[in-house]
Amino acid sequence: MNITVGMSGGVDSAVAAYLLKKQGHAVTGVFMLNWEEEDANGVCTAADDYEDVRRVCDVIDIPYYTVNFSTEYRERVFSVFQHEYAAGRTPNPDVLCNSEIKFNAFLDFTLQTQADALATGHYARLTKRDGLTMLLRGTDRNKDQSYFLCTLNQRQLNRAMFPVGDMQKRDVRKIAADIGLPNAAKKDSTGICFIGERKFFDFISRHVPTKSGDMVDVDTQKVLGRHQGLSHYTVGQRKGIGLGGMGSGAAWFVADKDVPHNILYVCQGRDHPALYREGLETEGFSWIMGESPAQSFACTAKFRYRQQDAPCKVVVQARGVRVLFDTKQRAVTPGQYCVLYDGEVCLGGGVILRGC
RNA sequence: UGGGGUGUAGCCAAGUGGUAAGGCACGGGACUUUGACUCCCGCAUUCGUAGGUUCAAAUCCUGCCACCCCAG
């Protein structure tokens, strides 16, 4: 097969490319440049990453080149990111990036280049069942990235390959080291995909209009201070509230946001009841199989990445799903994705409209 | 300008003669392909201020300053 590997400069995609080449496929490494802003130090990290791609591909001995989807990224991912924050929600741009850029704009592009499939270094697995492509959690429980792939559809998954999805991260690094890949010990990348680690407060300030307002105690309704713009806060957040020396002495957390009135509601104590929700509703829901398994059913849910699965009941609604947790969950956050799982199988995901 | 009280880090607050607890906030790091959470580390040579007593004072004494309360 002719396989294009989306290469980031990291070990996972590098080893993915190596494994496919070793299996006899015709592999081409492609580096995507989707964000052209320098970081706080004036450094363009993408240049360093591409340099790693070059060196890796030389070692593996495969052709490589770079493509630029920064326009598509800005229009289809970043604009949504901005609108969501402006609306008081906390978006997950990386989920959107997978469905709109990597496995959409980029996938289409690679197919036009005669590639048969697009491989990435994601920790997730694919398997066929009844003619459908199922998305499974990555074998490495600590690295599982199926959450980020929750909105991919059959068309996209049918052309996708995740060569390291059934491996442990440490084994991936070992292979990288064994074959002499220069990035074998490179630190895992973090931050928004393609944008990278940022001082988030400043980043939001630059890209989203913010307006300061009152911080109100959810219990007493008293104004305790000023917030610096609702977009800077996420439900359940502790950092940045700046309150101290009051009440019980415990830390304060963001309980809720009133966007129309520009009020940040805060509460004291990590386990304050105001932080808990019985369930949630999503706006729309993307089913991996194309449709829901039933009108209502039991399964587990993650409503943020790297969170333990919460057992729940799901009811499919006209738009989206309604999820009722077996036990109350802390900090259900509008804008984040609620991803459903049936054991190893990722059923799909939808954006959280509200906790309830 | 009679009486009483209080002044310890950005905030709250232990400590009443033996060489500055703790919490919150904040900063840094770890974790992490979102944002958060979490964890770890750091954070008052100094206790309103000026003197005095003492081997030794945030702790005792005196003056001054500030704030609060009661009475005027």
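Proteins get letters first, then strands, A, B, ... in listed order; numbering begins at 1 in each. Since the structure is predicted, the reported quantities are computational estimates derived from the model, not experimental observations.
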Are the aromatic rings of A/Phe78 and A/His207 close, with centres under 6.0 Å apart?
yes

Want to know the stems of RNA chain B: at least 3 consecutive Watson-Crick or G-U pairs with distances under 3.5 Å, which are they?
B:2-7 with B:65-70, B:10-12 with B:22-24, B:26-30 with B:38-42, B:48-52 with B:60-64

Taking atom C1' in both B/G22 and B/G15, what distance in whole Å separates the two?
11 Å

Quantified in whole Å, what is the C1' atom distance between nucleotide B/G52 and nucleotide B/A57?
11 Å

Rounded to whole Å, CD of A/Gln268 lies from C1' of B/C11 at a distance of 12 Å

Between B/C12 and B/A44, how far apart are the C1' atoms? Round to whole Å, please.
15 Å

Atom CE of A/Met246 to atom C1' of B/A13: distance rounded to whole Å?
15 Å

What is the distance from CH2 of A/Trp252 to C1' of B/C26, rounded to the nearest Å?
18 Å

When rounded to the nearest Å, what value does the distance between P atoms of B/A58 and B/A21 take?
13 Å

May I have all residue pairs that pass side chain to side chain donor-acceptor pair (under 3.5 Å) and include part of residues 230-245 of chain A, sequence neighbours excluded?
A/Thr90-A/Thr234, A/Ser205-A/His232

For the residue pair A/Phe109 and A/Phe106, categorise the inter-ring angle as parallel (less than 30°), tilted (30 to 60°) or perpendicular (more than 60°).
parallel

Nearest-Å distance for atom pair CD1/P, residues A/Ile241 and B/G27
13 Å

For the ring pair A/Phe325 and A/Phe303, is the centre-to-centre distance below 6.0 Å?
yes

Kindly label the base of B/C12 as syn or anti, based on whether its glycosidic torsion lies within 90° of 0.
anti

Do A/Tyr64 and A/Phe31 make the cut of ring centroids closer than 6.0 angstrom?
no

Summary of salt bridge (Lys or Arg N to Asp or Glu O under 4.0 Å) pairs that have at least one residue in residues 300-310 of chain A, sequence neighbours excluded
A/Arg137-A/Asp309, A/Lys302-A/Asp309

Rounding to a whole Å, what distance do you find between A/Lys187:NZ and B/U33:P?
9 Å

Residues which pass salt bridge (charged side-chain N to carboxylate O under 4.0 Å, His left out) with A/Arg54, listed by chain and number, not counting sequence neighbours
A/Glu51

Please classify the nucleic acid contact of A/Asn142 as base, sugar-phosphate, or nothing, using heavy-atom distances under 4.0 Å.
sugar-phosphate

Any A/Lys143 side-chain N or O less than 4.0 Å from OP1/OP2 of B/U33:
yes

In 5'-to-3' order, the base (B), backbone-only (S) or no-contact (-) status of each nucleotide in nucleotides 34-41 of chain B, using a 4.0 angstrom heavy-atom cut-off, is BBBSS---

Rounded distance in Å between the P positions of B/A9 and B/U59:
15 Å

Starting at atom OH of A/Tyr73, determine the distance to atom P of B/U33, rounded to an integer number of angstrom.
16 Å

CG of A/Leu243 versus P of B/C26: gap in Å, rounded?
9 Å

List, one per line, each side-chain donor-acceptor pair under 3.5 Å for residues 14-25 of chain A, sequence neighbours excluded.
{"from": "A/Lys21", "atom 1": "NZ", "to": "A/Ile60", "atom 2": "O", "distance (Å)": "3.1"}
{"from": "A/Lys21", "atom 1": "NZ", "to": "A/Asp61", "atom 2": "O", "distance (Å)": "3.0"}
{"from": "A/His25", "atom 1": "ND1", "to": "A/Met1", "atom 2": "N", "distance (Å)": "3.4"}

How far does the P atom of B/U38 sit from the matching atom of B/C68, given to the nearest Å?
38 Å

For a 4.5 angstrom cut-off between non-hydrogen side-chain atoms, does A/Leu224 reach A/Trp252?
yes

Considering only atom P, compute the distance from B/U16 to B/G48 and round it to an integer number of Å.
15 Å

When the P atoms of B/A25 and B/C37 are compared, how many Å lie between them, rounded to an integer?
10 Å

What is the nucleic acid contact for A/Gly249, judged by heavy atoms within less than 4.0 Å: base, sugar-phosphate only, or nothing?
sugar-phosphate

Hey, mind stepping through A/Ile175 and A/Met167 against side chain to side chain contact (heavy atoms under 4.5 Å, CB included) and telling me if it holds?
CA-CA 11 Å; A/Ile175 289 175; A/Met167 299 177 66; 3.3 Å; yes

